[in-house]
K.L.:
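To start, I am sharing the structure in question, which I have written as structure tokens.
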2 protein chains.
Amino acid sequence: MTDRPTTRRPPMGARTGYRLVKLADLLLVLADRTLATLGVKSKHVHVLETLLTYDSLSQQDVSRLLGIDPNVLVGVLDELEARGFAERRRNPRDRRRHVIQVTDAGRALVAESTRLLDEAEDAFFTAVSAADRQVVHDAAGLLLAAHRPGWSEESPGAGC
Amino acid sequence: MTDRPTTRRPPMGARTGYRLVKLADLLLVLADRTLATLGVKSKHVHVLETLLTYDSLSQQDVSRLLGIDPNVLVGVLDELEARGFAERRRNPRDRRRHVIQVTDAGRALVAESTRLLDEAEDAFFTAVSAADRQVVHDAAGLLLAAHRPGWSEESPGAGC
DNA sequence: TATTGTTATACTCTATAACTATA
DNA sequence: TATAGTTATAGAGTATAACAATA
């Protein structure tokens, strides 16, 4: 039912991996276009969301949780600080580390971003049933748990 | 059942879009790592597969079908020609256009790539049931059809 | 000596626009 | 004038290694 004989389609389109990679391209631009109204990109929101979920994370913790390199996090935090969404403070117990505080403006940004992203995602997924969408959601979670270490970690051990 | 209360996870992990984007990262490196044995990247194989599916395509046709810019296709074709996998010839009916021929070596490369990629993908998806994998496959196809024009085209009108 | 955050560097991708040759 | 392929260029993103401050 998926492939009708009248439609010729390059064979890589028959591979789930190819489809998912192309789909992710669309989802990425959708997210960034959605957040453009707020003047930020997805990565900024992801950093803030991570900071709000755990307590007193160092930059290394955030890097590891998000799977981004510590040196790119520097730039993202610079931008978040410049816009007043977060603040870097020294960790008094280990003055090499920073403890990053999310400001009230940062919390408001996350709240509004969540609303906009959920809305955009709902619109994007209207082509598939709620049940199938749930299967996709769960399958993606299982595959990430199987192949990306750190996806379903208990805690980053941030207390230091 | 998906989220156990003992596991804290940043909220963007609850969005299907975020999961699919991260999943696509893994699939992309899996594909390129799999093909590294053959000395090519996914994009080279995609171009060859497209050329084999339709007949006498111009570079513009291939660009549009794959959703890549014509100027990057130039580089990919340069590499494919240098390795003997394809050849550019002038279209006698319109000498501005090229007709790209896939060589026997190119066909062999596609065959071997398909084998390796299918194998790698099967291994990657072992964490989910065959039924759920099919749901993911079909849902991805539906979403691409809904949001990416040109995904399920009838034909590129290549005759010229 | 090892680690945290930072900076510097190079490499890859991408996107835009110019250029040529043909039409 | 418009189109197909090519080239040039600049911008974003990424990955690696060096560096200063602190442990």
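Chain identifiers are assigned alphabetically (A, B, ...) following the order of the sequence lines, protein sequences preceding nucleic acid strands; residue numbering begins at 1 within each chain.
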K.L.:
Could you state the CD1-P distance from B/Ile68 to D/dT6, rounded to the nearest angstrom?
P.N.:
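Those two atoms, CD1 and P, are 13 Å apart.
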
K.L.:
For every nucleotide of nucleotides 9-23 of chain D, 5' to 3': is a protein heavy atom under 4.0 Å from its base (B), only from its sugar-phosphate (S), or from neither (-)?
P.N.:
----S-BB----BBS

K.L.:
Which pairs, with at least one residue in residues 99-112 of chain B and sequence neighbours excluded, count as a side chain to side chain donor-acceptor pair (under 3.5 Å)?
P.N.:
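For residues 99-112 of chain B: B/Glu112-B/Arg115.
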
K.L.:
Could you pull out every donor-acceptor pair under 3.5 Å between side chains of residues 124-131 of chain B and any protein atom, sequence neighbours left out?
P.N.:
from, atom 1, to, atom 2, distance (Å)
B/Thr126, OG1, B/Ala123, O, 2.8
B/Ser129, OG, B/Asp132, N, 3.0

K.L.:
Between which nucleotides of DNA chain C, read 5' to 3', does contact with chain A run, using atoms under 4.0 Å from its heavy atoms?
P.N.:
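For DNA chain C, the relevant span reads C/dA2 to C/dT7.
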
K.L.:
Kindly state which residues belonging to residues 75-85 of chain B come within less than 4.0 angstrom of DNA chain C, counting heavy atoms of the residue only, listed by number.
P.N.:
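Residues of residues 75-85 of chain B under 4.0 Å from DNA chain C: none.
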
K.L.:
Does D/dA4 have OP1 or OP2 sitting under 4.0 Å from an N or O in the side chain of B/Gln60?
P.N.:
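Indeed, a polar side-chain atom of B/Gln60 lies that close.
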
K.L.:
Applying salt bridge (charged side-chain N to carboxylate O under 4.0 Å, His left out), which residue pairs with at least one partner in residues 25-37 of chain A are found, sequence neighbours left out?
P.N.:
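Matches after skipping sequence neighbours: none remain.
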
K.L.:
Please list, chain by chain and in numerical order, all residues satisfying side-chain hydrogen bond (donor to acceptor under 3.5 Å, both in side chains) with B/Arg96, sequence neighbours excluded.
P.N.:
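Result, side-chain hydrogen bond (donor to acceptor under 3.5 Å, both in side chains) vs B/Arg96: B/Asp94.
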
K.L.:
Is any side-chain heavy atom of A/Ser113 less than 4.5 Å from a side-chain heavy atom of A/Leu38?
P.N.:
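Sidechains of A/Leu38 and A/Ser113: in contact.
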
K.L.:
Quick one: ring pair (Phe, Tyr, Trp, His ring centres under 6.0 Å) partners of B/His44, sequence neighbours excluded?
P.N.:
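Ring pair (Phe, Tyr, Trp, His ring centres under 6.0 Å) check on B/His44 returns nothing, list empty.
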
K.L.:
Could you give all pairs that pass the ring-ring contact (aromatic ring centres under 6.0 Å, His included) test and reach residues 79-120 of chain A, with sequence neighbours left out?
P.N.:
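Applying ring-ring contact (aromatic ring centres under 6.0 Å, His included) to every pair that reaches into residues 79-120 of chain A, excluding sequence neighbours, yields nothing.
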
K.L.:
A/Leu73 and A/Gln59: which non-hydrogen atoms are nearest, and at how many Å?
P.N.:
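For A/Leu73 and A/Gln59, the tightest heavy-atom pair comes out as CD2-O, 3.2 Å.
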
K.L.:
D/dT7 C1' sits how many Å from B/Leu73 CG, rounded?
P.N.:
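In whole Å, D/dT7 C1' and B/Leu73 CG are 15 Å from each other.
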
K.L.:
Can you name the residues that form a salt bridge (charged side-chain N to carboxylate O under 4.0 Å, His left out) with B/Arg15, not counting sequence neighbours?
P.N.:
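Salt bridge (charged side-chain N to carboxylate O under 4.0 Å, His left out) list for B/Arg15, sorted by chain: A/Glu49.
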
K.L.:
As a check on the pairing definition, encode DNA chain D in dot-bracket form, counting Watson-Crick and G-U wobble pairs whose two distances are under 3.5 Å, and using | for partners outside this strand.
P.N.:
|||||||||||||||||||||||

K.L.:
With sequence neighbours excluded, what pairs up with B/Arg89 under the salt bridge (charged side-chain N to carboxylate O under 4.0 Å, His left out) test?
P.N.:
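Salt bridge (charged side-chain N to carboxylate O under 4.0 Å, His left out) check on B/Arg89 returns B/Glu87.
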
K.L.:
Which heavy-atom pair separates A/Arg83 from A/Gly39 by the least distance, and what is that distance?
P.N.:
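In this case the closest contact between A/Arg83 and A/Gly39 is NH1-O, 2.8 Å.
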
K.L.:
Quick one: closest heavy-atom pair of B/Ala86 and B/Ile100, and the distance?
P.N.:
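Looking at all heavy atoms of both residues, the closest pair is CB-CG2, 4.1 Å.
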
K.L.:
Could you tell me which non-hydrogen atom of B/Leu57 sits nearest to which non-hydrogen atom of B/Leu65, and how far apart they are?
P.N.:
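Scanning both residues, the minimum pair turns out to be CD1-CD1, 4.0 Å.
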
